[in-house]
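Written out below as C-alpha cells is the structure these notes cover.
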Amino acid sequence: LGLTRQEINVLLAEVDEDEDGEIDYEEFLPVCFNVLVEIVSKQLEDRRIPKEEVDLRDFFVSLFRDADSEGEGRLAPAVIKAT
C-alpha cells in the first residue's frame with residue numbers, strides 16, 4: 001500500500017474505537033473493506049475499464065469468455081485468481 005510506519009500507526013489509532021490498544025474484527029473490517037475498495041478502484045482505473053453500463057457489461061462478458069477457455073460457462077477459483 002505504500003504507507004509509512006507513522007501512517008500505519010495513525011490509522012491504527014483511528015481504527016481503535018474503544019481505545020483498548022487492540023484492533024478487533026469489528027474495528028478492522030470497515031477499514032479493510034475501504035482499503036480493498038481503493039485497491040480495486042485503482043486497478044480498474046489502470047485497466048481502462050469502461051464507465052457506461054452497457055460497455056461495462058460487455059467488458060466483463062468478454063473478460064469472462066476469455067477466461068472460460070473450455071466454454072463451460074463457469075470459472076474455477078484458480079482461473080478467477082489468475083484473471
Side-chain angles (χ1 to χ4, degrees):
L1 296 174
L3 299 175
T4 66
R5 188 66 167 155
Q6 182 179 5
E7 290 169 328
I8 292 170
N9 289 337
V10 168
L11 179 63
L12 291 175
E14 289 178 14
V15 172
D16 187 12
E17 293 177 3
D18 58 8
E19 299 179 358
D20 66 353
E22 297 179 358
I23 308 300
D24 61 28
Y25 183 75
E26 288 77 25
E27 294 168 329
F28 175 75
L29 188 60
V31 173
C32 182
F33 178 79
N34 291 337
V35 168
L36 289 174
V37 166
E38 288 296 320
I39 290 170
V40 170
S41 294
K42 178 67 174 139
Q43 289 175 345
L44 291 177
E45 286 176 15
D46 292 347
R47 285 183 148 184
R48 307 280 187 242
I49 303 295
K51 304 276 188 248
E52 299 298 320
E53 183 178 344
V54 172
D55 297 332
L56 188 60
R57 183 193 68 227
D58 292 344
F59 173 82
F60 281 111
V61 167
S62 176
L63 190 63
F64 180 89
R65 285 186 183 141
D66 291 346
D68 182 22
S69 60
E70 301 295 320
E72 296 177 349
R74 60 190 168 144
L75 300 175
V79 172
I80 294 171
K81 288 179 183 178
T83 304

Closest heavy-atom pair and its distance - [X], [Y]:
X: Ile23; Y: Leu12; result: CD1-O, 3.4 Å
X: Gly73; Y: Asp68; result: N-OD2, 2.7 Å
X: Val15; Y: Glu27; result: CG1-O, 3.1 Å

Going only through I, L, V, M, F, W and Y residues with side-chain contacts under 4.5 Å, is there a path from [X] to [Y]?
X: Ile39; Y: Leu11; result: yes
X: Val10; Y: Val35; result: no
X: Phe59; Y: Val40; result: yes

How many angstroms lie between [atom1] in [X] and [atom2] in [Y], if you round to the nearest 0.5 Å?
X: Asp58; Y: Glu52; atom1: CG; atom2: CD; answer: 12.0 Å
X: Glu70; Y: Leu75; atom1: CD; atom2: CG; answer: 11.0 Å
X: Arg74; Y: Phe64; atom1: CZ; atom2: CZ; answer: 10.0 Å

Applying side chain to side chain contact (heavy atoms under 4.5 Å, CB included) to Glu53 and Leu56, what does each step give before you reach the verdict?
CA-CA 5 Å; Glu53 183 178 344; Leu56 188 60; 5.6 Å; no

Could you tell me whether Glu19 atom CD has more than 12 heavy atoms of other residues or ligands within 6.0 Å of it?
no

Phe28, CZ: over 12 other non-hydrogen atoms inside 6.0 angstrom
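Open.
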
Can you name the side chain to side chain contact (heavy atoms under 4.5 Å, CB included) partners of Glu7, sequence neighbours left out?
Leu3, Thr4

Asp20 backbone acceptor or donor facing Asp16 side chain under 3.5 Å
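Judged by distance alone, yes, a pair lies under 3.5 Å.
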
Just by modelled atom types, is the Val37 backbone N or O under 3.5 Å from a matching donor or acceptor in the Ser41 side chain?
yes

